[in-house]
Amino acid sequence: MTDTTLILGPGALGRLLAAYLGQPYLEQQNRIALVDRKASSRPINLVTPEGETLSRLVPRIAADQAPRQPMVVHLTTKAYAAEQALAVLAEHIDPATPLVLWQNGFRVQEPLTQRWQGPVLCATTTEGAYTQGADGVVHAGHGHTFIGHLGGGYSDLAKRVAGTLGTSGLAAAPCGDIRHRLWHKLAVNAAINPLVARYRIRNGQLRDRPFRPMVAALIDEIDSIMRAESIPPPEHGWEAMIWKVVDTTSNNRASMLQDVLAGRPTERDAILGPLREAAERHGIAAPRLDALWDNSP
Ligand code: PAF
């Protein structure tokens, strides 16, 4: 095994991880490389939440330049691009390499955990970041990341990965219930993202009419589906959790709206798909989620 950490997916999250993990003092312990379409030595420009602009020299390599045995691969693509990006890299790395999946929704986590030969951890994060230009990333707000294995295994690896992130300045903790945390994030995303993308509004506008009752109706459907799936609710209930995220991100353009505005595909399937399939499995009607699916960009 080499001491190289690979980050696969040069979007906002990938650049954020590269910029933090690639700090010079950390680089003495771990080498970092960002896997991109083409190799390049252009630095990553990070704007910190405090407004400082920093330049980080993290090599960008093409998949065929990857070391055969990386220490770990952080897969940071959008959900719809994850399997294909990994398939390209997989031709060049040891199949036993540990993976960390950072995708929104709950589409790729289960199949990749079953199919990939090495250990697979999942991450769920509230770090806020967006890309700026070809090489920049704005770290809009500090968040927190949980890391764990869907079956509760590999706790030492999860602890190590979370520890490295924490040392770099991205707060993270290992957890034994990542499956529940992924469903919680999915609930937040399903109540916010498709609506704000469809109506092209900032998150905070969901608090006003005509959107507020739409969110409330979605929360009801999500609540029934989660009960049927035996996903325990968050400490203060779904409503409290979702409205709190709306409040704390009120000025944000959610990721799905950013995708629409940039003309990219959206994560509609990864976010709404698993909930609608669960509703169908349990014979629960979910007309609001269905309507969002039909009308989502
Ligand atoms: O997808 C996003 O943008 C975020 O997960 C969230 C929480 C909806 C805030 O914008």
Side-chain angles (χ1 to χ4, degrees), residues 9 11-17 49 75-82 101-109 122-132 137-147 170-172 178 180-208 211-212 214-216 218-219 221-222 226 233-275 288-289 292-293 296-297:
L13 189 58
R15 292 181 200 182
L16 186 75
L17 292 191
L75 183 53
T76 56
T77 61
K78 294 278 182 183
Y80 53 77
L101 309 179
W102 290 78
Q103 282 63 42
N104 266 335
F106 201 59
R107 231 342 156 225
V108 295
Q109 288 83 353
C122 299
T124 171
T125 188
T126 52
E127 294 293 349
Y130 57 89
T131 55
Q132 195 170 56
V137 58
V138 178
H139 189 190
H142 289 288
H144 193 94
T145 299
F146 287 101
I147 296 190
L170 296 172
I178 194 74
H180 295 159
R181 289 184 189 274
L182 286 167
W183 277 103
H184 286 191
K185 175 98 187 282
L186 181 80
V188 169
N189 284 139
I192 298 177
N193 276 321
L195 277 181
V196 296
R198 178 165 179 214
Y199 294 103
R200 301 189 176 215
I201 54 174
R202 290 186 190 256
N203 294 356
Q205 291 174 265
L206 290 174
R207 294 175 295 201
D208 307 325
F211 308 112
R212 195 177 185 92
M214 297 183 195
V215 177
L218 278 169
I219 294 175
E221 286 184 11
I222 290 168
M226 295 294 181
E235 201 184 342
H236 302 293
W238 299 105
E239 219 179 317
M241 179 181 73
I242 289 166
W243 286 116
K244 184 167 173 217
V245 176
V246 171
D247 283 340
T248 53
T249 63
S250 60
N251 213 21
N252 281 21
R253 284 200 180 94
S255 54
M256 201 155 151
L257 175 57
Q258 288 179 43
D259 290 338
V260 169
L261 296 176
R264 291 187 293 255
T266 70
E267 294 188 301
R268 175 184 90 139
D269 177 57
I271 293 172
L272 293 174
L275 280 170
R288 261 85 183 199
L289 290 166
L292 272 184
W293 172 268
S296 276

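The residues of the chain are indexed from 1 along the displayed sequence. Ligands are counted one by one from 1 in listed order, and the atoms in each one are counted from 1 as well. Source: prediction; values computed, not measured.
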What orientation do His144 and Phe146 show, parallel under 30°, tilted 30 to 60°, or perpendicular over 60°?
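Aromatic pair His144/Phe146 classed tilted.
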Assign the ring pair Trp238 / His184 to parallel, tilted or perpendicular, where the plane angle (0 to 90°) is split at 30° and 60°.
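If you compare the ring of Trp238 with that of His184, the planes turn out perpendicular.
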Which pair of non-hydrogen atoms, one from Thr131 and one from Gly11, has the smallest distance, and what is that distance?
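Reported closest heavy-atom pair: CG2-C, 3.8 Å.
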According to side chain to side chain donor-acceptor pair (under 3.5 Å), does anything in residues 185-200 pair up with another residue at least two apart or in another chain? List the pairs.
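Sorted result for residues 185-200: Asn104-Lys185.
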Donor-acceptor pairs under 3.5 angstrom involving side-chain atoms of residues 242-249: please list them, not counting sequence neighbours.
unit_1, atom_1, unit_2, atom_2, d
Asp247, OD1, Arg207, NH1, 2.9
Thr248, OG1, Lys244, O, 3.1
Thr248, OG1, Val245, O, 3.3
Thr249, OG1, Asn203, ND2, 2.9
Thr249, OG1, Val245, O, 2.7

Numbering the atoms of ligand 1 from 1, which are under 4.0 Å from a heavy atom of [X]?
X	value
Ala254	3 (O), 10 (O)
Asn252	10 (O)
Lys185	5 (O)
Val245	7 (C)

Just need the protein heavy atom nearest to atom 2 (C) of ligand 1, so name the residue and atom and give the distance.
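Here the closest protein heavy atom is Ser255 OG, 3.4 Å.
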Short N or O distance, Asn193 and ligand 1, threshold 3.5 Å exclusive:
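Yes; at least one N/O pair falls below 3.5 Å.
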Looking at ligand 1, would Met256 count as a contact under a 4.0 Å heavy-atom criterion?
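Contact absent.
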When you measure from atom 5 (O) of ligand 1 to each heavy atom in Asn203, Asn104, Asn189, which option holds the nearest one?
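Comparing heavy atoms across Asn203, Asn104, Asn189, the nearest one to atom 5 (O) of ligand 1 lies in Asn189.
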Quick one: does Val196's side chain get under 4.5 Å of Met256's, heavy atoms only?
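Not touching, per the 4.5 Å side-chain cut-off.
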Candidate pair Met214 and Arg288, rule side chain to side chain contact (heavy atoms under 4.5 Å, CB included), full reasoning:
CA-CA 8 Å; Met214 297 183 195; Arg288 261 85 183 199; over 6 Å; no
I need the contact type for Thr126 against ligand 1. Using non-hydrogen atoms and a strict under-4.0 Å cut-off, is it side chain, backbone, both or neither?
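Neither part.
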